[in-house]
*Asks:* 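Sending over a structure as C-alpha cells; questions will come in a sec.
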Amino acid sequence: MKKSKVKTIGILTSGGDAPGLNTAIRGLARTCIQQYGIKIIGIQNGYRGLILGDGQEMGPDDFSGILTRGGTILGTSRTKPFKKPMPDPKTGLLPIEAIKQNYKKWNLDALCVLGGNGTNTTAGLLAEEGLNVIGLPKTIDNDIVETDVTIGFHTAVDVATEAIDRLHTTAHSHNRIMVIELMGHKAGWLGLYSGVAGGGDVILLPEIPYHVDSIAQHLKQRKIAGKPFSIVVVAEGALSEAESFLSKKEFKKNRTGMIGSIGYRVARELEAATGLESRVSVLGYLQRGGIPSPYDRVLATEFGVRAAHMVAAGDFGKMVAKCGDSFVGIPLKKVAGKVKSVPLDHPAIISARDVGSCFGD
Ligand code: F6P
C-alpha cells in the first residue's frame with residue numbers, strides 16, 4: 001500500500017449525466033482503495049446530497065461491475081449551492097454552512113466532483129471556502145476549457161453519427177431534407193464532430209450564425225448536381241445571423257412563440273426557401289444515455305486514476321485535464337465560468353468546408 005495523508009474522500013457527480021461517469025468513479029475509487037487504502041463516501045445526487053448530508057461509505061464491491069454502466073450510480077442534480085443561497089427552513093443553515101458541516105461529519109480530507117462547467121465552477125468556489133477539492137471534466141458537450149476532451153463526448157458523437165447514418169438512407173429514398181437537431185447549447189463540438197463523421201451537407205453551430213439563403217443556395221446546387229436529398233445537422237444552440245446581433249433579452253423575446261425547437265424552425269425556413277420537403281429528428285437524451293464507448297471507457301478510467309493520485313498527493317484546487325497524451329492538474333480558477341467554443345479555424349471545420357459541407361455562413 002502506498003502512503004498518503006488522505007484517509008477519507010467524498011465523491012459526487014453533478015449536472016447532466018454522461019456515459020463514462022461510472023467508469024471514472026470506478027477508476028478513482030478503486031485506485032484510492034487499492035493503492036492508498038483511502039475510504040470512500042459516496043454522496044448522492046450531486047451538490048444537493050452534499051448540502052443534505054446524503055452520503056454513505058462505499059466499499060470495493062460497490063465499484064464492481066460498473067465499468068460499462070451508463071448514467072451515474074451516485075445520482076445527480078443541477079443544484080448550485082452558491083446561486084441565490086437561502087437558509088434551510090429547518091436548520092437555518094446556508095448551503096455552504098451545511099456543506100462544511102457534512103464535510104466535517106464525514107471526516108473528509110477531500111472532495112472529488114465529476115461534472116461540467118457549472119460543477120467545476122462550484123468546485124472552485126468550494127476550494128475558495130477552504131475545502132480540498134478536485135474536479136473531473138464530464139459533459140457530452142465537450143465545452144470545458146483547458147482540457148482536450150471531456151468524459152462522454154465521444155460516446156455522444158458515436159450515437160449522433162449512427163443517427164445521421166440512418167437518416168441518410170431515408171433522406172435518399174424520399175429525396176427529402178432531413179434536419180437532425182443535436183445537443184450543444186453554447187458550443188457546437190458534438191454537431192461538428194458527428195456532422196463531419198456523418199457527412200452532413202449542412203452543419204449549423206452556435207459559433208457560426210447562419211443565413212437561410214446561403215443554405216438554400218447550397219441545397220439547390222446539390223439538387224442541380226443530381227442530389228435532391230440533404231442532411232442538415234443543427235446544434236440546439238444554432239442561431240441566425242440576425243439573432244447574433246441581439247442582446248440576451250431581445251434574443252429570448254425573438255424566440256418566444258417559436259413553434260418547436262431550432263431544428264423545426266430551420267426545416268420550415270429551408271422548405272420555404274427551396275421547395276424541398278423537410279423532416280426533423282431531435283435526438284435529445286439518447287445522446288446522454290447508455291453504455292460508454294471503448295474510447296470513453298479508457299479516457300474515463302485514466303481521468304479517474306489520475307484524480308486518485310492527485311488526491312493522494314494532496315494536489316487540490318485543480319481539475320484533471322487531458323493535454324495531448326498527458327493528464328495534468330489545472331487550477332479550478334482557470335476553468336471557472338468559461339466555455340470552450342469551437343474555434344472558427346478548427347481543422348474539422350476547414351476540412352468539412354473543403355469536402356463541401358456548408359456551415360450556413
Ligand atoms: O449535458 C449537457 C446538456 O446535454 C446540454 O447540451 C443540454 O442543453 C442540457 O444538457 C440539457 O440537460 P437537462 O435537461 O438535463 O438540463
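Whatever order the structure lists them in is the order used to number ligands and atoms, beginning at 1.
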*Asks:* Any N/O of G16 closer than 3.5 Å to an N/O of ligand 1?
*Replies:*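 Between G16 and ligand 1, no N or O pair is found under 3.5 Å apart.
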*Asks:* Test I38 against every option in D109, V6, T8 by the side chain to side chain contact (heavy atoms under 4.5 Å, CB included) rule and name the one that passes.
*Replies:*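 Only one option passes, and that is V6.
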*Asks:* Pick from V335, T147, I330: which one makes a side chain to side chain contact (heavy atoms under 4.5 Å, CB included) with P137?
*Replies:*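 Among V335, T147, I330, the one that satisfies the side chain to side chain contact (heavy atoms under 4.5 Å, CB included) with P137 is T147.
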*Asks:* Just let me know how Q287 lines up against ligand 1, side chain, backbone, both or neither, with a heavy-atom cut-off below 4.0 Å.
*Replies:*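 Neither part.
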*Asks:* Numbering the atoms of ligand 1 from 1, which are under 4.0 Å from a heavy atom of E236?
*Replies:*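 Taking each heavy atom of E236 in turn, ligand 1 has 5 (C), 6 (O), 7 (C), 8 (O) under 4.0 Å.
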*Asks:* Using a strict 4.0 Å threshold on nitrogen-to-oxygen distance, state whether D17 and R288 make a salt bridge.
*Replies:*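 Salt bridge flag = yes for R288 with D17.
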*Asks:* Looking at E243 and R255, does any basic side-chain N land under 4.0 Å from a carboxylate oxygen?
*Replies:*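 Yes.
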*Asks:* Going by the closest heavy atom to atom 16 (O) of ligand 1, which one wins out of K138, R78, M183, K186?
*Replies:*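 Shortest heavy-atom distance from atom 16 (O) of ligand 1: R78.
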*Asks:* Please give me the minimum heavy-atom distance between T72 and T13, naming the atom from each residue.
*Replies:*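 Smallest heavy-atom distance, with atoms named: OG1-OG1, 2.9 Å.
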*Asks:* Do R265 and E269 meet the salt-bridge criterion of a basic N to acidic O distance under 4.0 Å?
*Replies:*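 Salt bridge between E269 and R265, a charged N being under 4.0 Å from a carboxylate O: yes.
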*Asks:* Within the structure provided, determine whether R297 and I291 are in side-chain contact (heavy-atom separation under 4.5 Å).
*Replies:*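 When only atoms from C-beta onward are counted, I291 and R297 do touch, with a gap below 4.5 Å.
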*Asks:* What is the nearest protein non-hydrogen atom to atom 14 (O) of ligand 1, stated with its residue, atom name and distance?
*Replies:*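 Scanning the protein heavy atoms, the shortest distance from atom 14 (O) of ligand 1 goes to Y285 OH, 2.4 Å.
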*Asks:* With atoms numbered from 1 as shown, which atoms in ligand 1 lie under 4.0 angstrom from a non-hydrogen atom of H185?
*Replies:*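 Result: 8 (O).
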*Asks:* Checking contacts here: is it the side chain or the backbone of F153 that comes within 4.0 Å of ligand 1, counting heavy atoms only? Could be both or neither.
*Replies:*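 Looking at F153 and ligand 1, no heavy atom falls under 4.0 Å.
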*Asks:* Under a 4.0 angstrom heavy-atom cut-off, which atoms of ligand 1 come close to R288?
*Replies:*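 Here the atoms of ligand 1 in question are 1 (O), 3 (C), 4 (O), 9 (C), 10 (O), 11 (C), 12 (O), 13 (P), 15 (O).
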*Asks:* N/O of D17 under 3.5 Å from N/O of ligand 1, yes or no?
*Replies:*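 By distance alone, the answer is no.
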*Asks:* Could you tell me the residue and atom name of the protein heavy atom closest to atom 5 (C) of ligand 1, and the distance to it rounded to 0.1 Å?
*Replies:*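 The protein heavy atom lying closest is D141 OD2, 3.3 Å.
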